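The structure under discussion appears below in the form of structure tokens.
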Amino acid sequence: MSQSLSLQQLKEAAEQFGTPLYVYHAEKITEQYQKLQTAFSKSDVQIFYACKALTNINILQHVRSLGSNIDCSSINEVKLSLHAGFTPERILYTSNGIAFEEIEEAKDLGVHINIDSLSNLEKFGKKFGHSYPVGIRLRPNILAGGNLKISTGHDKSKFGIPVDQIEKIIALVTKYNLFIKDLHIHTGSEIKDVEVFVKGIEVLFDIIPRFQELEFIDLGGGFKVPYKDGDAETDIELLAAKVKEAFDKRPNPNGKSLQVWFEPGKFLVSECGYLITQVNVLKESTATVFAGVNSGFNHLIRPMFYDSYHRIKNISNPDGEEKKYSVVGNICETDTFAWDRKLNEVREGDYLVFYNAGAYGFEMSSNFNSRFKPAEILFKNGKMHLIRRRDTFDDLLKNQIEVL
Ligand code: LLP
């Protein structure tokens, strides 16, 4: 049985902690992690949670307790992971366009590092030579992912060193005797078709023989989760079978068998999260009926930024007659969560919940319009825990320096 929170539990959370409110369900994260464990049990695979999706420290601790490793996209995520109790060998820093000083800092912290530019690779070689093993993020020139904004592996993407520059990479590796322990690709987010991963592996197979000291191949994240009713998710069992088949077919010519790493973000935390809002105003117009909630793209930017779809339910009137509403926020800018969506009759004061709000929800929130960021709640073992208090007015002034 798939884990989810009931409308009643969500309503109780809203009543107890107020809205807007992010609610996360620990057991759903566990369920998703176990799906990966089961699917990959026959292969030498390691999971690194891409924590950019949701970094609340309690979520990191929960993920750690499951046995997962962690993938970071900034030095601060690395520090949060250490704070959450991950040991350095369980932390991966997949960098992108960062100053070399940050790579040095990551090295001092003893974590795994993927370097994504020739210039940083050269600086790394000059300074550390063979003494610290490092990975290379490659751009495989594969177009994949739910939409262009979240596609990262194509031939116009800023991410990784283009695979066609392999000779330049090899020249640096040779010149500085670099210890290259992994090759990394991440082609995008919301990849439903497992063949995309196989294509990526094929690209890597051509160059694997050129790196004598490889220990693992990192295939990134990007597994798709369902957003709409009836939506498909990446078939993880099929992916596991295909990956195993591909590696069995092409054993590493250097003799060492290669471990495979994945970095899922959404797959682990998208469905565990809910954003509960409250309807401030109903506004009838010739075009539509607006349900204006006490939130906006300052709290959940995905619909406006990626045209993404989030299921919405009226948890205050679940048996009400279905009507169409356009759900909008209260930001002083067009701020549409959903247009002409069927919902059970909405009244002012009703709670509307947005699903799939765990990944890149709170994490991409802001204080635009000087609104407070929502509080966060964790449901674990049937208990509700406040894991981040709502902003207060002091938070808005916290780092400002009044000079006039
Ligand atoms: N690894 C790397 C190197 C990444 O850049 C990402 C995501 C992941 C792993 C995890 O991808 P996931 O499994 O979560 O799809 N904010 C966008 C998604 C951007 C993803 C950026 N990189 C959204 O809300 O759709």
Side-chain angles (χ1 to χ4, degrees), residues 22 29 32-33 35-36 46-55 59 63 68-74 77-78 81 91-98 106 112-117 135-140 142 144-154 157-161 182-194 196-197 200 217-227 231 233-234 236 239 260-273 275 297 299-310 337 354-366:
Y22 271 101
I29 303 176
Q32 292 298 97
Y33 183 73
K35 275 191 210 168
L36 296 173
Q46 288 287 322
I47 300 300
F48 286 70
Y49 163 53
C51 71
K52 73 198 78 182
L54 178 59
T55 54
I59 299 293
V63 169
S68 176
N69 307 290
I70 192 154
D71 173 50
C72 303
S73 57
S74 74
E77 285 184 0
V78 170
S81 303
I91 302 176
L92 168 64
Y93 181 13
T94 301
S95 67
N96 133 60
I98 61 171
H112 305 279
I113 306 166
N114 284 327
I115 294 185
D116 97 318
S117 68
I136 299 177
R137 179 171 185 172
L138 293 163
R139 193 189 74 192
I142 294 172
N147 63 67
L148 205 55
K149 282 193 184 142
I150 54 176
S151 292
T152 50
H154 58 84
S157 163
K158 68 167 184 172
F159 295 98
I161 306 175
D182 83 280
L183 299 177
H184 169 277
I185 54 173
H186 169 79
T187 53
S189 194
E190 297 183 13
I191 303 169
K192 192 168 67 186
D193 181 5
V194 300
V196 168
F197 292 94
I217 294 298
D218 181 348
L219 297 175
F223 307 155
K224 187 179 174 333
V225 293
Y227 280 86
D231 244 8
E233 69 177 18
T234 308
I236 298 295
L239 174 68
V260 176
W261 291 12
F262 283 107
E263 305 162 353
K266 279 179 189 163
F267 189 82
L268 288 173
V269 298
S270 174
E271 292 164 277
C272 83
L275 171 63
F297 71 61
H299 298 156
L300 180 64
I301 201 171
R302 301 192 74 257
M304 287 306 288
F305 206 42
Y306 311 109
D307 286 328
S308 63
Y309 181 101
H310 289 258
F337 287 113
F354 295 78
Y355 288 78
N356 284 87
Y360 310 105
F362 184 91
E363 205 59 34
M364 292 177 81
S365 66
S366 75

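Counting convention: from 1, in listed order, for ligands and their atoms alike. These figures come from a predicted structure and were not determined experimentally.
Looking at W261 and H184, their side chains never come closer than 4.5 Å, going by heavy atoms from C-beta outward. Taking the side chain as every heavy atom from C-beta outward, L92 and D218 approach each other to under 4.5 Å. Under the 4.5 Å side-chain criterion, counting only non-hydrogen atoms from C-beta, V63 is not in contact with Y33.
Near A50, meaning under 4.0 Å from any of its heavy atoms, are these atoms of ligand 1: 8 (C), 9 (C), 10 (C). Those atoms of ligand 1 that come under 4.0 Å of a heavy atom in R137, given as number and element, are 3 (C).
Between the choices K52, R302, K266, E263, the shortest heavy-atom distance to atom 6 (C) of ligand 1 belongs to K52.
Residue, atom and distance of the protein heavy atom nearest to atom 15 (O) of ligand 1 are S189 OG, 2.4 Å. Atom 19 (C) of ligand 1 has as its closest protein heavy atom I150 CG2, 3.9 Å. Closest protein heavy atom to atom 8 (C) of ligand 1: H186 CE1, 3.4 Å.
Residue-level proximity to ligand 1 for M364 is carried by the side chain, the only part with a heavy atom below 4.0 angstrom. Here P264 has backbone heavy atoms under 4.0 Å from ligand 1, and that is the only part of it that gets that close. Only the side chain of Y306 comes within contact range of ligand 1, with a heavy atom under 4.0 Å; no backbone atom does. Residue contacts with ligand 1 for D71 involve side-chain atoms from C-beta outward but no N, CA, C or O (heavy atoms, distance under 4.0 Å).
At least one heavy atom of G222 sits under 4.0 Å from some atom of ligand 1. Using a 4.0 angstrom heavy-atom cutoff, K224 does not count as in contact with ligand 1.
At least one N/O-N/O distance between Y360 and ligand 1 falls below 3.5 Å. Residue-to-ligand polar distances place G265 within reach of ligand 1: an N/O pair is separated by less than 3.5 Å.
Under the 4.0 Å criterion applied to side-chain N and carboxylate O atoms, E271 and K35 are not assigned as salt-bridge partners. A salt bridge does not link E77 to K52: none of the charged side-chain nitrogens sits closer than 4.0 Å to a carboxylate oxygen.
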| Are F262 and F223 close enough, and set up right, to give a ring pair (Phe, Tyr, Trp, His ring centres under 6.0 Å), and what steps lead you there? | CA-CA 10 Å; F262 283 107; F223 307 155; 5.4 Å; yes
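Taking the six-membered ring for Trp and thresholds of 30 and 60 degrees, F362 and Y22 have ring planes more than 60 degrees apart, a perpendicular arrangement.
Side-chain polar atoms of S270 and N356 form a donor-acceptor pair below 3.5 angstrom.
For K192, the NZ atom is loosely surrounded, since the number of other residues' heavy atoms within 6.0 Å does not exceed 12.
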